[in-house]
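Before any comments, here is the structure.
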Number of protein chains: 2
Amino acid sequence: MAAPAEPRVCSIARTLDVVGEKWALLAVREVFLGNRRFDEMIRRTGAPRDTLAARLRTLVEAGILRRHRYSDHPQRFEYRLTTAGRDLYPVILTLLRWGDEHLAGVEGPPLVLQHSCGHRLIPEVTCQACGEVVDPTETSRRSPVSS
Amino acid sequence: MAAPAEPRVCSIARTLDVVGEKWALLAVREVFLGNRRFDEMIRRTGAPRDTLAARLRTLVEAGILRRHRYSDHPQRFEYRLTTAGRDLYPVILTLLRWGDEHLAGVEGPPLVLQHSCGHRLIPEVTCQACGEVVDPTETSRRSPVSS
DNA sequence: ACCGTGCGTCCAGAATCCGAACTGACTAGC
DNA sequence: GCTAGTCAGTTCGGATTCTGGACGCACGGT
């Protein structure tokens, strides 16, 4: 009986289950940029209202966003990042960088970030232990749990 | 005439147009892990064959994967990363890390990577200019193109 | 000739996404 | 008071996309 080798259990897959749906990360992007309200997100992302509403629900359920009431009488909510949501910043940044490098038109990157050190922010992924920039050829797998 | 404020032009959105579809990044993950063949990817990702075939096509069109013939007579192809594809490694790593931190079960991360420096790889996103770990509170927007 | 493997395609149904219109609770202007 | 406008969604029918299962085809081994 040939082992069916069921789908790899993996944090990448699990993360994509949560933020991999269309518009999810764009909603998170908007919150990072300070646009926390529904209609503003609709305008800035171009998502259908319906879809955005569904996405925000799942992001709240997943603990990435938090619904915060900013008006009582017409009940109005805005969406804020939780700690887990803020931890998505590296994901956003690496996506941004890839797009800047591989899809930027002649006009260059449409959104440029500035780091507090005074320079333009160019995000790099480094090894926490040694600080070196990480390259696929310099990493290997380490004894997984067996399966 | 209220400005409709059309969707933000943004490298994140553009990147997601290319790799944001379901299964796309899992296919790329498999190639990073060395599984370059169709059936192997099917087994390891759990994607439907049809969907994977479509995804591989778009990834090839997008210049992320390259089809490489490894057998002539039964024409057989495997999928290899292009330079642009290898540049997705940071995206994969940040997704992995987020999942490890926020979705790992009691068993801990199912996939552990080792860096050539000898330590377990824990990827961090740092500023190319100053080397500091990047925090959302320490970045700001820099003169966008106007819109 | 027959079975198994590798790499897909084809198909029909299910799930999801889409845009536009609508609701409901207000606020601002006249 | 009446009309407009804003905000945060929901509802709706139609368009897309995903899904799993069956099928096709070219081998290779026995």
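Remember, predicted model here, so these are calculated numbers, not experimental data. Letters go in sequence order (proteins before strands), and every chain restarts at 1.
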Interatomic distance, [X] [atom1] vs [N] [atom2] [rounded to whole Å]:
{"X": "Leu56(B)", "N": "dC18(D)", "atom1": "CG", "atom2": "P", "result": "13 Å"}
{"X": "Leu52(A)", "N": "dT10(D)", "atom1": "CG", "atom2": "C1'", "result": "13 Å"}
{"X": "Arg49(A)", "N": "dC7(D)", "atom1": "CZ", "atom2": "C1'", "result": "8 Å"}
{"X": "Phe77(A)", "N": "dA25(C)", "atom1": "CZ", "atom2": "C1'", "result": "13 Å"}
{"X": "Glu21(A)", "N": "dA15(C)", "atom1": "CD", "atom2": "C1'", "result": "12 Å"}
{"X": "Ile42(B)", "N": "dC7(C)", "atom1": "CD1", "atom2": "C1'", "result": "9 Å"}
{"X": "Arg36(B)", "N": "dG6(C)", "atom1": "CZ", "atom2": "C1'", "result": "16 Å"}
{"X": "Arg69(B)", "N": "dA26(D)", "atom1": "CZ", "atom2": "P", "result": "16 Å"}

Quiz item: Does Gln75(A) or Ala54(A) map to a spot on DNA chain C nearer the 5' end, using the closest nucleotide for each?
Solution: Ala54(A)
According to a strict under-4.0 Å criterion, is [X] in side-chain N/O contact with OP1 or OP2 of [N]?
{"X": "Tyr79(B)", "N": "dC7(C)", "result": "no"}
{"X": "Lys22(B)", "N": "dT16(C)", "result": "no"}
{"X": "Trp23(A)", "N": "dC18(C)", "result": "yes"}
{"X": "Arg57(B)", "N": "dT9(C)", "result": "yes"}
{"X": "Thr51(A)", "N": "dC17(C)", "result": "no"}
{"X": "Arg76(A)", "N": "dT27(C)", "result": "no"}
{"X": "Arg55(A)", "N": "dC17(C)", "result": "yes"}

Quiz prompt | Side-chain heavy atoms of Val31(A) within contact of Met41(A), under 4.5 Å | solution = yes
Quiz item: Do Val60(B) and Trp23(B) belong to the same hydrophobic cluster, where Ile, Leu, Val, Met, Phe, Trp and Tyr are linked whenever their side-chain heavy atoms lie under 4.5 Å apart, directly or via other members?
Solution: yes
Quiz item: Taking a hydrophobic cluster as the set of Ile, Leu, Val, Met, Phe, Trp and Tyr residues connected by side-chain heavy atoms closer than 4.5 Å, whether directly or through intermediates, do Tyr89(A) and Ile122(A) fall within one such cluster?
Solution: no
Exercise. Give a yes or no on whether the backbone of Lys22(A) and the side-chain of Arg55(A) come within a donor-acceptor separation of less than 3.5 Å.
Key: yes
Quiz item: For Glu78(A), which of Arg67(A), His68(A), Arg66(A) qualifies under side chain to side chain contact (heavy atoms under 4.5 Å, CB included)?
Solution: His68(A)
Quiz item: Less than 3.5 Å between a donor and an acceptor, one on the side chain of Arg37(A) and one on the base of dA8(D), is that the case here?
Solution: no
Quiz item: Does a distance-only test, which skips hydrogens and angles, find a donor-acceptor pair under 3.5 Å between the side chain of Asp50(A) and the base of dC17(C)?
Solution: no
